[in-house]
Amino acid sequence: AVHRVLAEIEAMATQESGGRHKLFIGSIPQDVKEEELKATFSTYGNVVECHVMAGKSSSGQSCAFVVFDRKDSAESAISTMDNQLVLREGAEPIRVNWSRQGGGKEGGGGKGGCGGSWGGDGWGG
C-alpha cells in the first residue's frame, strides 16, 4: 500500500513539474526589471519564474522569459499582450510567444529585442 501511495505522489509530482509553460518576451525596454515584468504577467496567473536577460542588444531592447504554472494562464497572456502591451510611453509593443524548446540554435535577433540563443539555454527547463 505504501508503494502505491508513493507511486501516486510521484505521478502527481511529475504532472506538476510538467506544468511549466515558458514564454519568450521580446521587445521590452532595457530598464524593465524582473519585479515589474512578474507583476505585469501575474495578472494572467501564477508566475513561477521570471528572468530578464542581461546585456545590451543592437536594437536597444531586452528580452525575458516568464514561466506560468498553467497553460491557460500562458495562453491568456499571449492572446492579450502579444504586440499590444506597451510598457513605456513611446516604445513599441512587447512580443509574447511560446519559448522555443530545443538546443537554442535558433537566433532570436532582429525584431524581438534579443539576439543570440534563447529558449534552449537551460534556464527554467
Side-chain angles (χ1 to χ4, degrees):
V2 172
H3 291 296
R4 187 177 63 200
V5 171
L6 288 175
E8 288 176 17
I9 291 171
E10 189 173 286
M12 286 175 19
T14 301
Q15 288 173 352
E16 287 177 20
S17 67
R20 296 175 53 84
H21 306 283
K22 185 176 177 183
L23 302 181
F24 172 78
I25 317 305
S27 299
I28 61 174
Q30 287 190 341
D31 66 333
V32 170
K33 304 289 184 234
E34 288 180 13
E35 298 79 27
E36 178 184 356
L37 208 56
K38 185 171 184 175
T40 300
F41 279 82
S42 291
T43 304
Y44 300 94
N46 184 34
V47 174
V48 294
E49 290 184 64
C50 179
H51 180 71
V52 175
M53 301 298 286
K56 297 185 182 278
S57 69
S58 58
S59 67
Q61 298 168 327
S62 293
C63 63
F65 295 101
V66 172
V67 181
F68 284 98
D69 63 350
R70 295 174 50 106
K71 185 176 183 181
D72 60 340
S73 299
E75 288 173 339
S76 182
I78 291 170
S79 65
T80 306
M81 292 194 284
D82 182 42
N83 212 24
Q84 297 175 60
L85 179 70
V86 176
L87 292 174
R88 298 286 186 269
E89 188 175 332
E92 66 180 83
I94 63 171
R95 300 308 314 251
V96 183
N97 297 293
W98 291 108
S99 174
R100 295 182 189 174
Q101 300 301 313
K105 293 177 179 59
E106 309 90 5
K111 285 269 198 203
C114 251
S117 298
W118 54 276
D121 60 0
W123 180 87

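Quantities reported herein were computed from a predicted structural model and do not represent experimental measurements.
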Quick check: closest heavy atoms across Ala91 and Val86, and the distance to 0.1 Å? O-CG1, 3.4 Å
One pair to check against side-chain contact (heavy atoms from CB on, under 4.5 Å): Gln30 and Ser62. What are the steps and the verdict? CA-CA 5 Å; Gln30 287 190 341; Ser62 293; 3.3 Å; yes
Please determine if Glu49 and Arg20 form a salt bridge, counting it only when a charged side-chain N lies under 4.0 Å from a carboxylate O. yes
Gap separating the CD atom of Gln84 from the CD1 atom of Ile94, nearest 0.5 angstrom: 10.0 Å
To the nearest 0.5 Å, tell me how far His51 NE2 sits from Lys38 NZ. 14.0 Å
Pair Leu23-Phe68, side-chain contact (heavy atoms from CB on, under 4.5 Å): steps then yes or no: CA-CA 8 Å; Leu23 302 181; Phe68 284 98; 3.7 Å; yes
Would you say Gln61 and Ser27 make side-chain contact, with heavy atoms under 4.5 Å? yes
What's the shortest heavy-atom distance between Val66 and Cys50, and which atoms? CG2-SG, 4.1 Å
Show the nearest heavy-atom pair for residues Pro29 and Arg88, with the distance to one decimal. CG-CG, 3.4 Å
Could you go step by step and tell me if Leu37 and Val47 meet the side-chain contact (heavy atoms from CB on, under 4.5 Å) rule? CA-CA 10 Å; Leu37 208 56; Val47 174; over 6 Å; no
Donor-acceptor pair, side chain of Ser73 and main chain of Tyr44, under 3.5 angstrom: yes
Should the ring pair His21 and Trp98 be called parallel, tilted or perpendicular, given that the plane angle runs from 0 to 90° and is split at 30 and 60? perpendicular
Give the minimum heavy-atom separation between Asn97 and Ile78, together with the two atoms involved. C-CD1, 4.2 Å
Looking only at non-hydrogen atoms, find the nearest pair between Met81 and Thr40 and report the distance. SD-CG2, 4.1 Å
Under a 4.5 Å cut-off applied to non-hydrogen side-chain atoms, are Arg95 and Ile25 in contact? no
Could you work out, with salt bridge (charged side-chain N to carboxylate O under 4.0 Å, His left out) as the rule, every residue matching Arg70, not counting sequence neighbours? Asp72
In short, Ile28 meets Ala64 closest at the heavy-atom pair CD1-CB, 4.0 Å
Hey, would you say the Phe24 and Phe65 ring centroids sit under 6.0 Å apart? yes
